[in-house]
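The first residue in the sequence is number 1, and the count goes up from there.
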Amino acid sequence: MMKKVLFKTIGAIAVAAALVLCFQVVLSSADQRDFTIVNATGYPIRFIGINPPGDEIWNENELDAVLPDGAGFRVEFAGIEKGCVWNIKVTWADDNTSSFFRDVNLCKINKITLKYNRSTDTASYVAE
């Protein structure tokens, strides 16, 4: 009886250890630049592009659908890209104009909340 309890305990510990290891592998596979964008601009966004400085070709849209005001979206890097500092281009769904958020250090943030004042055409952000 004691052997049976001991084997069950050892088995439970082994399963728990395996689960912890799997969880650590999943966490370590996330790129440190992955982040969440929150739209607090007051306007719907139809395009979000993330480019390194110097790259002005904005042909890859991170969004699958329009991002309404107040909504968030997770951006995940594939790992091929290099560097921490990136530029973000946003195109507004209602008037098709764009704003830029430049030199965002994605290695130091988890979430970026976009702000926009259309009357002054001022784009800003709050990083967390």
Side-chain angles (χ1 to χ4, degrees):
M1 179 73 170
M2 190 64 149
K3 280 185 180 180
K4 197 174 196 179
V5 171
L6 182 60
F7 283 128
K8 283 185 180 181
T9 302
I10 291 172
I13 290 171
V15 168
L19 288 173
V20 167
L21 182 60
C22 288
F23 184 67
Q24 287 177 335
V25 168
V26 168
L27 285 179
S28 67
S29 68
D31 192 298
Q32 77 179 46
R33 297 166 296 181
D34 294 351
F35 68 104
T36 300
I37 290 180
V38 176
N39 180 5
T41 65
Y43 305 96
I45 296 172
R46 74 168 182 80
F47 176 91
I48 294 177
I50 314 290
N51 279 5
D55 183 354
E56 294 300 321
I57 299 172
W58 301 92
N59 57 4
E60 187 175 335
N61 190 355
E62 298 293 330
L63 298 175
D64 294 328
V66 170
L67 184 67
D69 181 50
F73 177 77
R74 184 82 178 154
V75 176
E76 296 180 355
F77 279 73
I80 336 169
E81 302 90 353
K82 305 265 187 250
C84 290
V85 178
W86 293 76
N87 296 326
I88 301 171
K89 177 184 177 182
V90 171
T91 301
W92 312 109
D94 59 346
D95 70 358
N96 207 35
T97 62
S98 297
S99 294
F100 295 87
F101 303 83
R102 300 219 182 255
D103 300 322
V104 181
N105 189 335
L106 299 180
C107 294
K108 293 186 176 183
I109 66 169
N110 292 313
K111 180 169 89 170
I112 184 169
T113 302
L114 303 180
K115 309 278 187 178
Y116 181 63
N117 182 329
R118 188 166 278 174
S119 64
T120 62
D121 192 31
T122 304
S124 62
Y125 65 88
V126 176
E128 295 177 39

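Separation of atoms CG (Asp95) and CZ (Arg118) is listed at 4.0 Å; rounding is to 0.5 Å. Here Glu60 contributes atom CD and Asp55 contributes atom CG; the two are 10.5 Å apart, rounded to the nearest 0.5 Å. For the atom pair Asp69 CG and Asn39 CG, the distance stands at 5.0 Å (nearest 0.5 Å).
Identified under the side-chain hydrogen bond (donor to acceptor under 3.5 Å, both in side chains) test for residues 43-52, with sequence neighbours left out: Arg46-Asn96.
Taking the ring centroids of Tyr116 and Trp92, they lie under the 6.0 Å cut-off.
There is a path of hydrophobic side-chain contacts, each under 4.5 Å, that joins Phe73 to Ile112. Transitive grouping of hydrophobic side chains (ILVMFWY, heavy atoms separated by less than 4.5 Å) keeps Ile109 and Val38 in distinct clusters. No single ILVMFWY cluster, assembled from side-chain heavy atoms under 4.5 Å apart, contains both Phe47 and Tyr125. Under the 4.5 Å side-chain heavy-atom criterion for grouping Ile, Leu, Val, Met, Phe, Trp and Tyr, Trp58 is not connected to Ile45 through any hydrophobic cluster.
A 4.5 Å side-chain heavy-atom check between Asn110 and Glu128 finds every atom pair outside the cut-off. Two residues are said to be in side-chain contact when any heavy atoms from C-beta on lie closer than 4.5 Å; Arg33 and Ile50 fail this criterion. Cys84 is listed as a side-chain neighbour of Gln32, based on a closest heavy-atom distance under 4.5 Å. Between Arg74 and Asp34, the closest side-chain pair of non-hydrogen atoms falls below 4.5 Å. Between Asn117 and Ser124 the shortest side-chain heavy-atom distance does not fall below 4.5 Å.
Of all heavy-atom pairs spanning Ala71 and Leu67, the tightest one is CB-CD1, 3.6 Å.
Using cut-offs of 30° and 60° for the angle between ring planes, the Trp86 and Phe77 rings count as perpendicular.
A donor-acceptor pair under 3.5 Å links the side-chain atoms of Asn61 to the main chain of Ile48, judged by distance alone. Using modelled atom types, one side-chain atom of Asn87 and one backbone atom of Asp103 make a donor-acceptor pair closer than 3.5 Å.
Around atom CG of Asp64, no more than 12 heavy atoms belonging to other residues, nucleotides or ligands sit under 6.0 Å away. Annotation: Glu56, atom CD; neighbour count of heavy atoms from other residues, nucleotides and ligands within 6.0 Å is above 12.
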